[in-house]
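Following: one structure in structure tokens, then a few remarks.
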Amino acid sequence: MRMTRLVAKTLREAPADAEAVSHRLLVRAGYIRRISSGVYSYLPLGFRVLRKIESIVREEFDAAGAQELLLPALQPIELWVETGRTKTMDDVLMRLEVRGADFVLGPTHEEAVIATVAQDIASYRDLPATVYQIQTKFRAEARPRFGLLRTREFIMADAYSFDVDQEGMRASYRAIFDAYCRAFDRLGITYYPVEADAGSIGGDVNHEFMVPAAIGEDHFALCASCGYKANIEAARRAAPEAEGSVAVPEMTEISTPGATTIDSAVAMISKAGHPMTSADMLKTFVASDDQGRLALFLVPGDRQVRLPHGYSPLDGDIFAEHPFLHRGYVAPMGMQARKLKVFADHSIKVPRGWTTGANRPDTHVMNALIGRDFEVDGFGDLVVVEDGDACPQCGEPLSLVRSVEAGHTFQLGLTYPEKIPSARFSAEDGSEAMYFMGCYGIGVSRLPAVVAEVTSDDQGLNWPISVAPFQVHLVAISHRRDPEVARVAEELYSSLGAAGIEVLFDDRDLAPGVKLNDADLIGVPVQLLIGPKGIASGVVELKRRDDRIRREVAVEEAQSATISLVAELLAEL
RNA sequence: CGGGGAGUGGCGCAGCGGCAGCGCACCUGGUUUGGGACCAGGGGGUCGGGGGUUCAAAUCCCCCCUCCCCGACCA
């Protein structure tokens with residue numbers, strides 16, 4: 001590709017609204033253009049990167065035995081009503097009405113894939129089967145940000161597996177999981193498959209593929225010692241040892257007018273002559289399940305609550321319906337009599353006196369003891385893990401890693417077939433059965449930004465050769481004035497092209513500094529510089545973008561040296 | 001959805017009652033040519049939209065829209 005023909009212009013300045021490094025660089029280097037909030041076009045350079053990523057994913061999915069198909073982006077809303085996801089995914093669904101009929105623009109395709117294969121997967125003989133697509137998806141993202149990292153329209157490679165039983169599902173899951181690992185390996189970036197929370201998609205076992213990056217909006221817990229990895233939503237910590245019994249004085253009340261937060265209660269009680277910290281408080285969190293049943297969750301006052309699946313925090317209005325719940329002064333004492341279940345984090349087992357609410361306004365109690373002053377119906381992992389918590393597997397300290405979610409794999413099981421009557425097959429014994437599903441997604445259009453985030457430097461982009469828009473950036477310096485430079489450059493351009501190398505040829509009539517800076521900005525992994533200085537002594541310069549070191553090569557050897565450098569980079573991945 | 005901020009040429013910005021400007025980019029001619037050159041000339045803007053105040057509005061007032069940041073939310 002000749003840059004005089006390339007539809008792209010490099011910008012000296014990024015748009016003021018571009019925050020993320022990847023966003024700024026992709027715009028400045030001429031890869032993408034913003035059309036609306038969270039909506040981007042791919043210029044030829046950006047599209048080539050996208051295609052490379054798609055190809056890698058396609059090859060690995062194909063190798064895992066999955067079959068590519070294409071599902072509609074435009075879906076009748078009935079499909080979504082059937083699974084109840086018009087409600088559970090209401091906040092992200094893009095709906096539209098066309099001639100009186102209601103549609104959604106698909107944010108994901110579980111419903112659509114089942115509707116599609118219903119008649120084609122009808123017998124145990126048709127199973128197992130895995131299909132996938134590379135498709136544009138839509139989400140009414142509340143706040144698009146960071147360029148390609150969080151958008152309203154995005155491209156995803158999503159796969160769906162169907163199996164006769166759970167064991168089969170596990171095997172299909174493993175096959176796609178392995179395909180994911182191979183695909184991420186080929187992208188040349190560091191990633192971690194971590195245990196994750198299922199979120200609104202439902203299902204059981206699942207993993208997120210996390211790429212550590214400064215811009216990441218997610219965190220996962222990592223144990224450097226044993227390798228335990230889990231998303232912050234799913235991470236657990238080792239429960240502290242529960243010691244034997246200790247003598248705890250009788251529970252006493254203390255007046256705390258207006259102290260409805262942990263911090264204000266701690267301050268007020270300390271000031272009243274009982275020095276304490278938030279770790280001495282028992283935080284009592286009220287939540288309701290999807291049927292509106294209330295439950296209490298107890299965690300130490302210095303920790304954030306991690307509610308189990310299906311529970312959501314009680315909002316203010318609902319609080320008002322339960323006069324025995326005094327906001328800021330809720331405590332577990334006597335709650336079983338109110339028909340509320342009380343769940344506690346493992347750390348609450350430790351016998352000690354807690355300071356907590358008194359279930360009366362403006363009053364706290366001190367020395368509340370588990371088993372004496374309040375009862376717990378069940379223990380669980382109810383706190384959000386923090387840096388330094390003990391690993392649940394080996395006890396060594398965990399660290400939290402900031403990262404971007406680049407892929408997600410789910411074992412859905414029967415979640416969808418249970419809601420969709422057509423999701424059935426005839427089993428070997430002639431009975432009707434539901435198939436076990438898995439679903440898998442890779443954020444294809446997010447990946448150029450993820451790769452850019454972790455590979456770029458202060459000079460610009462720096463692509464791994466597997467996803468770079470071109471393999472070689474041929475820069476001709478002063479070729480309009482030096483016919484010999486022009487001749488050598490043209491010759492190399494065609495001979496490298498003939499050898500199957502993808503070459504971007506900077507044949508623009510610009511100052512050398514501009515062209516060299518642009519080459520670094522655009523980030524093609526191999527640069528081949530042809531200039532009058534070198535040509536005068538029969539050499540050209542070969543440069544790796546990642547180390548920016550130039551190596552002189554005789555003109556006659558330029559082609560073979562370039563080809564072997566490309567091969568070397570390909571082999572490094 | 002709550003809080004804050006911004007909309008002036010493709011991008012970055014100045015102007016804040018009196019002729020719409022600057023840098024980059026773009027076009028023409030010339031000079032220049034190894035890490036973001038120079039000279040001369042040129043094209044391009046209903047100043048986000050609507051209404052109002054005023055002799056006069058990019059500028060003041062009201063309404064709306066869009067965008068960005070923080071938070072909430074997050075297949």
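The partner of B:G45 cannot be assigned: no Watson-Crick or G-U wobble pair with both contacts below 3.5 Å exists in any strand. Base pairing of B:A37 is made with B:U31, judged by Watson-Crick or G-U wobble geometry with both donor-acceptor distances under 3.5 Å. Of all nucleotides present, only B:G23 satisfies the Watson-Crick or G-U wobble test against B:C11, with each distance under 3.5 Å. As the counterpart of B:A72, no nucleotide is assigned, since no Watson-Crick or G-U wobble pattern has both distances under 3.5 Å. The pairing partner recorded for B:C67 is B:G5, the criterion being a Watson-Crick or G-U wobble arrangement whose two distances lie under 3.5 angstrom. Base pairing of B:C16 is not made with any nucleotide, judged by Watson-Crick or G-U wobble geometry with both donor-acceptor distances under 3.5 Å.
Using modelled atom types and a 3.5 Å distance limit, the side chains of A:Tyr173 and A:Thr409 yield a donor-acceptor pair.
Rounding to the nearest 0.5 Å places CZ of A:Arg545 at 8.5 Å from OG of A:Ser456. Going from atom CD of A:Gln527 over to atom CG of A:Leu542 covers 9.5 Å, rounded to the nearest 0.5 Å.
Checking B:G35, B:G34, B:C70 against every side-chain atom of A:Arg145, the shortest atom distance belongs to B:C70. In the set B:U33, B:G36, B:C68, B:G36 carries the atom at the smallest distance from any side-chain atom of A:Arg28.
Considering only side-chain N and O atoms, A:Arg143 lies under 4.0 angstrom from the phosphate OP1 or OP2 of B:C70. Look at A:Arg480 and you won't find any side-chain N or O under 4.0 angstrom from OP1 or OP2 of B:U33.
Figure legend: A:Arg139 and A:Phe154 shown without cation-pi pairing, the cationic atom not lying both under 6.0 angstrom from the six-membered ring centre and within 45 degrees of its axis.
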